[in-house]
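Below: the structure, in structure tokens.
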Amino acid sequence: MEICTIGGFEEVGKNMTAVKVGEDVFIFDAGLHIPGVIELQEEEIQEKYTEKSLRRVGAIPDDRVLDAMGWANKVRAIFISHAHLDHVGGLPYIAERYPNVPIYATPFTMKVLEAILEDEKMTLRNPLKTVQSNSTHIIKGKNGDYKVDFVHSTHSTLQCSFIALHTKEGVFSMLLT
């Protein structure tokens, strides 16, 4: 098992982690770094939020590291732990890099994602999979099937989950922040 901490570990915001098991990669969260968004809003010529403009101000995780590592084309699923913008807000701007990869989130988190998409007049080609807290799902990978638990947790928004990815090499779980 290999773990790549892409964002959220050296700053508050743009949380994102990738886990690689054999030929399968799973992304956990894809958030915004709010100071970068504020910087865009304060510019004299306000830019539309795009992947390019948000990358320029450091507002989204720099997931291009997955390209350099050869992981980007191995992503099998994206899991969103909760509805805070520093965990879900960057997803609309980077999800197109992972076409047709399903996105899993609880109902409230999915509604927040859908509201962002509606507000920004965006669509995703990714299947949106709504899951309940305290549920288990099987994700198909190239190396076999993976069990994923969405374990209910109390946090400062609704329907938060610790997400546990069960692999032959062990269990990976992200803590809520």
According to a hydrophobic-cluster definition based on side-chain heavy atoms being under 4.5 Å apart (Ile, Leu, Val, Met, Phe, Trp, Tyr only), do [X] and [Y] belong together?
X      : Y      : result
Leu32  : Val65  : yes
Val19  : Val101 : no
Ile78  : Leu85  : yes
Leu117 : Phe108 : yes
Leu158 : Leu113 : yes

Using side-chain contact (heavy atoms from CB on, under 4.5 Å) as the criterion, point out the one residue from Ser135, Ser133, Ser161 that pairs with His152.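 So the option named by the test is Ser133.
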
Spacing of [atom1] belonging to [X] relative to [atom2] belonging to [Y], to within rounding of 0.5 Å:
X      : Y      : atom1 : atom2 : answer
Thr50  : Glu120 : OG1   : CD    : 10.5 Å
Glu114 : Asp119 : CD    : CG    : 12.0 Å
Gln159 : Thr106 : CD    : OG1   : 4.5 Å
His166 : Ile139 : NE2   : CD1   : 11.5 Å
Asn126 : Glu96  : CG    : CD    : 9.5 Å
Met174 : Thr5   : CE    : OG1   : 9.0 Å

Run Asp149 and Lys147 through side chain to side chain contact (heavy atoms under 4.5 Å, CB included) and show every step you take. CA-CA 7 Å; Asp149 294 324; Lys147 183 174 94 168; 3.9 Å; yes

Tell me whether [X] is salt-bridged to [Y], with the criterion being a basic N under 4.0 Å from an acidic carboxylate O.
X     : Y     : result
Arg55 : Asp62 : yes
Asp86 : Lys14 : no
Arg64 : Glu51 : no

Under 4.5 Å between any side-chain heavy atoms of [X] and [Y], yes or no?
X      : Y      : result
Val148 : Phe26  : no
Ile3   : Lys20  : no
Tyr93  : Met122 : yes
Ile103 : Leu91  : yes
Val57  : His33  : no
Val131 : His137 : yes
Ile27  : Ile6   : no
Arg56  : Leu40  : yes

For the [atom1] atom on [X], are there more than 12 heavy atoms of other groups (residues, nucleotides or ligands in this structure) within a distance under 6.0 Å?
X      : atom1 : result
Glu118 : CD    : no
Lys52  : NZ    : no
Lys129 : NZ    : no

Using every non-hydrogen atom in the two residues, find where [X] and [Y] come nearest and quote the distance to one decimal.
X     : Y      : result
Asp63 : Arg97  : OD2-NE, 2.8 Å
Ile60 : Gly90  : CG2-CA, 4.0 Å
Ala30 : Ile80  : N-CD1, 4.1 Å
Pro92 : Leu124 : O-CD2, 4.0 Å
Ala83 : Val88  : O-CG1, 3.6 Å
Pro61 : Met16  : CB-SD, 3.5 Å

Test side-chain hydrogen bond (donor to acceptor under 3.5 Å, both in side chains) applied to His87 and Thr109, Asn15, Thr157, the passing residue: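 Checked Thr109, Asn15, Thr157 against His87; only one passes side-chain hydrogen bond (donor to acceptor under 3.5 Å, both in side chains): Asn15.
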
Check the pair Met110 / Leu128 against side chain to side chain contact (heavy atoms under 4.5 Å, CB included), numbers first and verdict last. CA-CA 8 Å; Met110 194 63 77; Leu128 302 180; 3.7 Å; yes

Go through the steps for Thr17 and Cys4 under the test side chain to side chain contact (heavy atoms under 4.5 Å, CB included), then give the verdict. CA-CA 6 Å; Thr17 301; Cys4 179; over 6 Å; no

Is it true that the side chains of Ser156 and His84 contain a donor and an acceptor less than 3.5 Å apart?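 Yes.
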
Are Asn73 and Tyr98 linked by a side-chain donor-acceptor pair shorter than 3.5 Å?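 The criterion, which ignores hydrogens and geometry beyond distance, is not satisfied for Tyr98 and Asn73.
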
Have a look at Phe79 and tell me which of Phe28, Phe162, Tyr146 forms a ring-ring contact (aromatic ring centres under 6.0 Å, His included) with it.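 Among the candidates, only Phe28 passes.
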
Do side-chain atoms of Thr130 reach the backbone of Pro107 as a donor and acceptor pair under 3.5 angstrom?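 Answer holds: no.
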
Derivation of the salt bridge (Lys or Arg N to Asp or Glu O under 4.0 Å) call for Asp24 and Lys142: CA-CA 6 Å; Asp24 300 317; Lys142 201 169 192 177; over 6 Å; no

